[in-house]
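Down below is the structure, laid out as structure tokens.
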Amino acid sequence: MQSHDMGSRIINRLKTAVDSTLIKNRRFLDDEQLIRSEQLEVLEEIFNANIRDAEINELSSHFSGLLRRDHPCHLAVWGKTGTGKTLTLSYFLNLLSQLCAAEQIPLWTVHLDLTNPGPCFRALNDLACLLDASKYYRRGISLEEIMQKIEARLADYRGYLVLFIDEVDNVRSDKENFMAFLIRRLPQRIPAKLILVLVSNHLDWPNRLDARVKSFLKVNELVFEPYDAMDLQRILRIRVEKALDPKLVVDGVIEKISAMASREHGDARKAVALLARSAYLAEKTRSKLTLDMVDQAALDLETDRYLTMIQTAPPQLQLTMGAIIEAKRKLKKKIVCSGDAYQDYCDMCRRFSIRALTNRVFGDLIAELDLYSLVRSRIVSRGRYGRTREIILDLPEDLVENIYQTIISKIQ
DNA sequence: TGTCCACAGGAAATACGGGGGT
DNA sequence: ACCCCCGTATTTCCTGTGGACA
């Protein structure tokens, strides 16, 4: 019977589809979607796999004084993004507070996250909010007032206060002020035993401090090395087991992803993102997760990165990028000079009736594009034909087209 | 050797917008 | 409603500068 045949074929296909679902629990591919307890579960496994063992040991000895009612000094933590600084520290501080609670030691830990850069004002403001010392102000209150609010809030607290400050050097203008407050002023004015945990991406960060502040800063240092390929393999393996069907992951995939990630950055978050992307690709084609898919996924991630970067960029930056693309097309050369690009930029502004910015800012905008590696630029002297900035656009042609369309449609 | 191009990029000034205090 | 304060964006002003060319 024809129809019966057809029916059983469909049923079979459905069955194999069910059998071969690669992704069992997609939430474990994306940290954002995990609830707190699941995050801790993942963390627990990571730390049980002896990753970041050395760092946790150092942390333990640094804070061991707490249990003897001593006052440990501050702690400066250094490591690149995605090396697990935040994770390890939150995990550790969480354990520490449990321990202190059991021992009846008053401990207050506050996690101030300065991941997105902001001025001194916002940093203090955020801190005040975390301490429950004031409401959130957008503007209009002096720095002094915020400091006083914080001090007032802490006037009666006599226990330990651990301020875990993530990405300290993201405090842009007036950083001196912020650091001086934390290091010099605050400890003198409040009764609490203050322990600062200052996390940063830059190793030379304490040297850029004002000398008078620096002399007050007594710190221990702790360095997080980037994960090596072996660490990443273990981290990925945990994810694979939680999120995917390991049988459907071709041998060598984990090794490949961790090798790629450790070669480039050693960033665990990016490695997991690559795993996730590959898994989605595999799921779409309903096949096993192969090595080729990892390559494809890496490419996709790259493309996405550029596109979201340009989409979320301020309009003037988009316009600058658009002008560079136009200039390159018009000149039919690989290299565009800043003067030509500025001409085209002004033209574009006229076309879309947007007020053009000065040459001065245009230069800065190009530097910014360079920073995001959307273009490469360098300063060249052409003798008596002056100096200029050569702008090279060497992204794949279809990506450039894609970016260009995005920009044009955004502006209109 | 000096000149001079066509910009780079630092510093200071100015404009702007939004919030608080009164 | 008014003024002042703060952070940010942009302009204005200015001082270099590497090397081709005369």
Side-chain angles (χ1 to χ4, degrees), chain A residues 112-129 133-153 167-182 185 208 210 309-310 312-324 326-328 330-331 333-350 352-393 410-411:
Chain A
L112 175 60
D113 190 359
L114 304 178
T115 307
N116 14 7
C120 175
F121 177 81
R122 214 176 61 206
L124 278 174
N125 204 179
D126 286 350
L127 179 60
C129 292
S134 92
K135 64 169 185 156
Y136 187 80
Y137 291 90
R138 292 178 49 80
R139 278 184 179 106
I141 184 175
S142 74
L143 295 177
E144 181 61 31
E145 276 175 87
I146 302 184
M147 293 180 189
Q148 281 171 12
K149 276 174 190 276
I150 293 174
E151 285 161 10
R153 173 73 177 89
E167 317 275 339
V168 226
D169 33 32
N170 267 345
V171 180
R172 281 201 311 229
S173 58
D174 225 3
K175 176 145 107 193
E176 293 294 309
N177 214 337
F178 182 66
M179 296 314 293
F181 173 69
L182 286 177
R185 177 167 158 176
R208 282 184 267 168
D210 186 284
M309 206 177 266
I310 204 72
T312 56
Q316 290 290 2
L317 199 65
Q318 298 181 355
L319 214 53
T320 309
M321 187 69 193
I324 292 171
E326 267 195 15
K328 188 193 171 193
K330 209 182 291 174
L331 296 169
K333 277 190 291 185
K334 201 161 171 59
I335 295 168
V336 183
C337 296
S338 46
D340 304 330
Y342 186 64
Q343 282 288 322
D344 280 303
Y345 166 77
C346 292
D347 287 350
M348 267 180 107
C349 286
R350 219 167 301 132
F352 298 116
S353 48
I354 297 169
R355 200 171 53 88
L357 299 176
T358 29
N359 214 335
R360 178 68 185 82
V361 194
F362 190 70
D364 288 344
L365 288 172
I366 290 174
E368 203 170 328
L369 288 175
D370 191 356
L371 192 72
Y372 296 148
S373 62
L374 282 159
V375 301
R376 281 186 297 139
S377 74
R378 60 178 177 156
I379 300 131
V380 179
S381 176
R382 292 179 300 179
R384 76 170 192 178
Y385 302 111
R387 308 184 83 190
T388 188
R389 203 168 190 150
E390 284 186 343
I391 305 160
I392 304 167
L393 192 67
K410 252 251 156 107
I411 294 172

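Worth knowing before you read on, the calculation uses all heavy atoms, side chains too, and leaves out hydrogens, waters and symmetry mates. Naming: A, B, ... by sequence-line order, numbering from 1 per chain.
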Whole-Å distance separating the CG atom of A:L365 from the C1' atom of C:dT11
14 Å
Calculate the interatomic distance between A:R389 atom CZ and B:dC5 atom P; express it in whole Å.
22 Å
State, with a plain yes or no, whether a side-chain heavy atom of A:L393 is found less than 4.5 Å away from one of A:V336.
no
Any chance you could list the contact pattern along nucleotides 16-22 of chain C? Use B for base contacts, S for sugar-phosphate-only contacts and - for none, protein heavy atoms under 4.0 Å, 5' to 3'.
BBBBBSS
Please determine whether the number of non-hydrogen atoms from other residues, nucleotides or ligands lying under 6.0 Å from atom NZ of A:K333 exceeds 12.
no
Heavy-atom neighbours of A:Q343 CD exceed 12 at 6.0 Å:
no
Atom-pair distance (CD1 on A:I366; C1' on B:dA6), nearest Å:
14 Å
Would you mind reading off the distance between A:L317 atom CG and C:dA9 atom C1', rounded to a whole angstrom?
14 Å
For atom OH of A:Y372, decide whether the heavy atoms of other residues, nucleotides or ligands shown that lie under 6.0 angstrom number more than 12.
no
Can you give me the N/O atom pairs linking the protein to nucleotides 12-14 of chain C at distances under 3.5 Å, or say none if there are none?
none

Hey, are the side chains of A:L357 and A:L319 touching, using non-hydrogen atoms and a 4.5 Å cut-off?
no
Do any N or O atoms from the side chain of A:S353 and from the backbone of A:R350 form a donor-acceptor pair under 3.5 angstrom?
no
OG1 (A:T312) and CD (A:Q318) are apart, to the nearest 0.5 Å, by 8.0 Å
Rounded to the nearest 0.5 Å, how far does CZ of A:R378 lie from OG1 of A:T388?
11.5 Å
Nearest-angstrom distance from the residue atom CE of A:M147 to C1' of C:dC6:
13 Å
Please give, in whole Å, the distance from C:dT10 C1' to A:E368 CD?
14 Å
Tell me, which of residues 333-347 of chain A have any heavy atom that sits under 4.0 Å from an atom in DNA chain C?
none
Keeping the roles fixed (side chain from A:E167, backbone from A:D113), state whether a donor-acceptor pair exists under 3.5 Å.
no
Base, sugar-phosphate or nothing for A:R355? Non-hydrogen atoms, less than 4.0 Å.
sugar-phosphate
In whole Å, I'd like the distance from the CG atom of A:N125 to the C1' atom of B:dG18.
14 Å
If I compare all heavy atoms of A:A341 with all of A:A327, which pair ends up nearest, and what's the gap?
CA-CB, 4.2 Å
Euclidean distance, A:N125 CG relative to A:I150 CD1, rounded to 0.5 Å
8.5 Å
